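Here the structure is laid out as structure tokens; the discussion comes afterwards.
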Amino acid sequence: MSAGAPHEDDEAGAARRRAQEERLRRVWDNPKGWRYWTAVNNTEVGLWYTAMAFAFMLFAGVLALMMRVQLAVPDNDFLSADLFNQAFTLHGTVMMFLFAVPVFEAVAITILPQMLGARDLPFPRLSAFGFWCFVIGGVFVCGSIFFGAAPDTGWFMYPPLSTDHEYAGIGADIWLLGLSFIEVASIAAAVELIVGVLKCRPPGMRINLTPLYGWYVLVVAGMILFAFPPLIAGDILFELERMFDWPFFDPARGGDPILWQHLFWIFGHPEVYIIFLPAIALLAMIVPTFAQRPIIGYSWIVLAAVGTGFLSFGLWVHHMFTTGLPSISLGFFSAASEAVAIPTGVQIFVFLATLLAGRVVSSVPMLFAGGALAIFVIGGLTGVMVALAPFDWQAHDTYFVVAHLHYTLIGGMLFPTFAGLYYFYPMIGGRMLSERLGRIGFWLMFVGFNVAFFPMHLSGLRGMPRRVFTYPEELGLTVLNMVSTVGAFVFAAGVLVIVWAVVRPKGGEPYARRNPWNAGTLEWLIEMPGENWGVRSVPIIESRYPLWEQENLMRDVDAGLYYLPDAEEGRRETLVTSVLDGKPIQCLRVPGPAYVTIVAAAALGSVFIFMTYKWWLAALAGGIVATAAILYWLWTGTAEIPEKPEKDIGRGVSLPLYVSGPRSVGWWAMFITMVGDGTALASLLFGYFFYWTVHPDFTDAAAGPGTAWPSAAVALTAAAWAAMLAARALNRRGRAGTMRLALLAAMALAVLGAAAGLAGPWTHGMQPTTHTYPAIVWTLVIWIAVHGAVGVVMQAYCVARSLAGRLTREHDIDLENVVLYWHFMLVSAVLTFATVGFFPLAT
Amino acid sequence: MRLVPKEIESLWTLFTGPVVWAAHFLVCYVGGAVYCARREWLGFGFEWVRIGVGAATAVALALIVAAAWLSWRQWGFGTEDPPHDAATAHDRRSFQGFATLLLSGLSFVAVVYTALPVLMIAECNP
């Protein structure tokens, strides 16, 4: 459609548009010189993030080649057993935690705003903070191998091997703390992306018009919220055992290594789909473009994304089929493992149907997409095989599983990601990548991959176990292994060709034409080369493929005929819309470049790194700096009171600049964060009940925390929560003085509540090193006490904001968000204290 | 009082079927695992696990059928075919209804899958 406004072709109009562009360009410009690294714009952060993730992939790929050299011939001594252990552990760890998951976040941060016609995501500094956390943690984990200190007990770190200080040195701590730190970045990205998809779509883009990539991002970010916290909880227990000898996984003192396997795989299996779905999402954008028609079965893709997201949480025990769990448990998980094949298959059929109905244009992205489907289908079929418990008992821990997982991950993730790289490169680089190099690279990768990994099915079935650094000639595996090694190098050569296509100098080549693939979705509005502002004006969307179906859309967007064509006040702005119908509800001002995100990430990183070496005082100092940096960041960069209540965003629409409560993006971010936080607590509580199931008397006849102190803790926390509600009610009536008193009362009650919680195990002399029962009780009450302390800091922050005039009756974002935190705090305290205080009585 | 609830304008309804599947799955798995770990203490036979899973399955399937009916209604009982890609509140609702209906179907099948093991497994082992 046409934007309706008359086209101003006269000189005055042109001059006005140029002035608008100049203002927009200045507002969205990147800092110059070394300050460039303080940029927070999604295009910059996304680019760094993607490049860094690929660098880690190449590093892990070199480790894989070293392993293949070692295994090429029997009784080889290219790598020592010890270095081989470090190599396979880091290879798996880096590929999963430093490439596959981060590259999803990186790509999503880069392309999602453009796909939604948004100027940026709602929390650009949070994205930058996540990126810096990722870099610091990643370099720390990878660097360890150069000091012979890398983790060496496998990427899933099973105790008792990994808890034994004799076999697992500091590498295990580096793994636990380095990766816990990186998980912070993942959860930050999840918050950013969920709010981005739900609240930052362009006007008119109802939920049924959302690009399929958005649906996948929404599902995957939601999965991160439920999958990563169990691992964080597991990491906490693990590190408490390694550092302080709390015996969570030590059977001699009531522990059980199986608990780690549960917590790890409750994370680990959904993670496979967290990796797979965003890559398939790229195909869901690429396939319609090259079929030159809308996708057939949009709703079916939504079914597949949501269905896979849920079912993938019912699969984790299929990694534990050989641990001696009851067969009824194996049956349930085997059933779910078969069921997940249904939605996974649906997506593939949707792609095939779309391709059959369209006129397919041959191209490098389509080659990679085709290769992806072929490889992934084989991995999916062997997946159906190993989902059957009796077959898995035979294949478990052999190279058959190595082959299976590489077919799924490389077919399901790597090839689609390379397709996406070729497809989206012009958006970022302004130029096309070489077609010839792409074809050469693809065929080397495709052939090399199959030559490397197909024989592993056979070597596995013939009895070659995973993670052995060598094998004797008599086993008859020599030829298969040599073929695998040759294939691995061919594959690596293909990857290098693609890397060369990306990094080779292209300065002399012309820019790509606009929308070079003739795609239908909004991200291709971008100019070649792109401007930092993303879209010139934020369009009204009426179609799933607006560039195909909305006439003159590009012209009208460029002419600034839609929303936010200007930056009169010199501020970065984007639109917030409603979840279902995409109605504009706020003009959101987003922050610009900042050092504080780097300082906060570095300080927080130092906490984790110093703890690895048990430098407690340094870690404490780092923690104080990190807290101060985050508070400064919040104080200066969030909940800013605008100079006017509303802003005209163009076309006669005026929107508020400040909204609070459930309509604000900050409230959603708090809600989402607390859902993840609640999942971590649920995982710890799962541990508590798990111990109850494995022992006839899980308390080992030791004293518990009693009922009096836990009851008092619940009562005091509830009183603190009630005082928060009172503070909010008082603020709504404009009684600032009384509101501050209520906040102070809430702080006092919160402190007393946390103290009462700790008093339970303290007064009963519970010794956490003697048995898992006191250890898990202490862990739970400390968890609540730490959350109480964070809640107190938030309350103090609200008092300070009120005194500074930054929290008022009309401007109450901070208070609304802190009240929301306290809702979760109350639920957490009730669940925890009811469990530790009263559950022992019931048994 | 109305017997059938009014249509709800929310994204959350989309997830009804899968949430029922997840709850059913958890009840079955936790029930079976706790029984097998603490069977002496609990003091009843495995047949009660099978009966329990059967009862939970009946409840779950009933809930999914109810959700499916509501989504079928939201879809307009199939009077219009997909793709529901117009920029109208009507198409947005139809899309929601159709997608919810599809997810209900998947959840129904997945719940049946989950229940199948108790037809064949009659003891904890080990």
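Not measured: the values here are computed from a predicted model. Each chain gets a letter, A, B and so on, in the order the sequences are listed, and its residues count up from 1.
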Contacts of residues 203-212 of chain A with chain B (heavy atom under 4.5 Å)
A:Arg206, A:Ile207, A:Asn208, A:Leu209
Not counting sequence neighbours, which residues clear ring pair (Phe, Tyr, Trp, His ring centres under 6.0 Å) with B:Phe95? List them please.
A:Trp215, A:Tyr298
Heavy-atom pair count under 4.5 Å with chain B, highest-scoring of A:Ile342, A:Leu311, A:Val306
A:Leu311
Heavy-atom pair count under 4.5 Å with chain B, highest-scoring of A:Pro294, A:Gly307, A:Ser299, A:Gly582
A:Ser299
Is there a side-chain contact between A:Tyr545 and B:Asp85, using heavy atoms and a 4.5 Å cut-off?
no
Would one find more than 12 heavy atoms of other residues, nucleotides or ligands at under 6.0 Å from atom CH2 of A:Trp692?
yes
Side chain, backbone, both or neither of A:Val694 within contact of chain B (heavy atoms, under 4.5 Å)
neither
Could you give the side-chain donor-acceptor pairs of residues 106-124 of chain B under 3.5 Å, partners two or more places apart or in another chain?
from     : atom 1 : to       : atom 2 : distance (Å)
B:Ser107 : OG     : B:Gly17  : O      : 3.3
B:Ser107 : OG     : B:Leu103 : O      : 2.7
B:Thr114 : OG1    : B:Ala110 : O      : 2.9

Between B:Gly105, B:Ala89, B:Ala99, which has the largest tally of heavy atom pairs under 4.5 Å with chain A?
B:Ala89
Under 4.5 Å heavy-atom distance to chain A, tell me which part of B:Ser10 shows up: side chain, backbone, both or neither.
backbone
Go through the atoms of B:Leu26 and report whether side chain, backbone, both or neither lie under 4.5 Å from a heavy atom of chain A.
neither
Does the side chain of B:Leu11 come within less than 4.5 Å of A:Leu198's, by heavy atoms?
yes
Spatial distance of atom CG (A:Leu303) from atom CZ (B:Phe98) [nearest 0.5 Å]:
9.0 Å
Let me confirm one number: the CG-CG distance from B:Asn125 to A:Leu325, rounded to the nearest 0.5 Å.
11.5 Å
Whether over 12 other heavy atoms sit under 6.0 Å from A:Phe349 CZ:
no
Of B:Phe46, B:Phe25, B:Trp41, the largest count of non-hydrogen pairs under 4.5 angstrom with chain A goes to B:Phe25
Below 6.0 angstrom between ring centroids: does that apply to A:Phe313 and B:Trp21?
no
CZ-CZ distance between B:Arg38 and A:Phe698, expressed to the nearest 0.5 angstrom:
8.5 Å
Treating A:Arg544 as the side-chain partner and B:Ala86 as the backbone partner, does any N or O pair qualify as donor plus acceptor under 3.5 Å?
no
Is there side-chain contact between A:Ile328 and B:Tyr29, with at least one heavy-atom pair below 4.5 Å?
no
A:Phe391: what forms a ring pair (Phe, Tyr, Trp, His ring centres under 6.0 Å) with it, not counting sequence neighbours?
A:Phe400
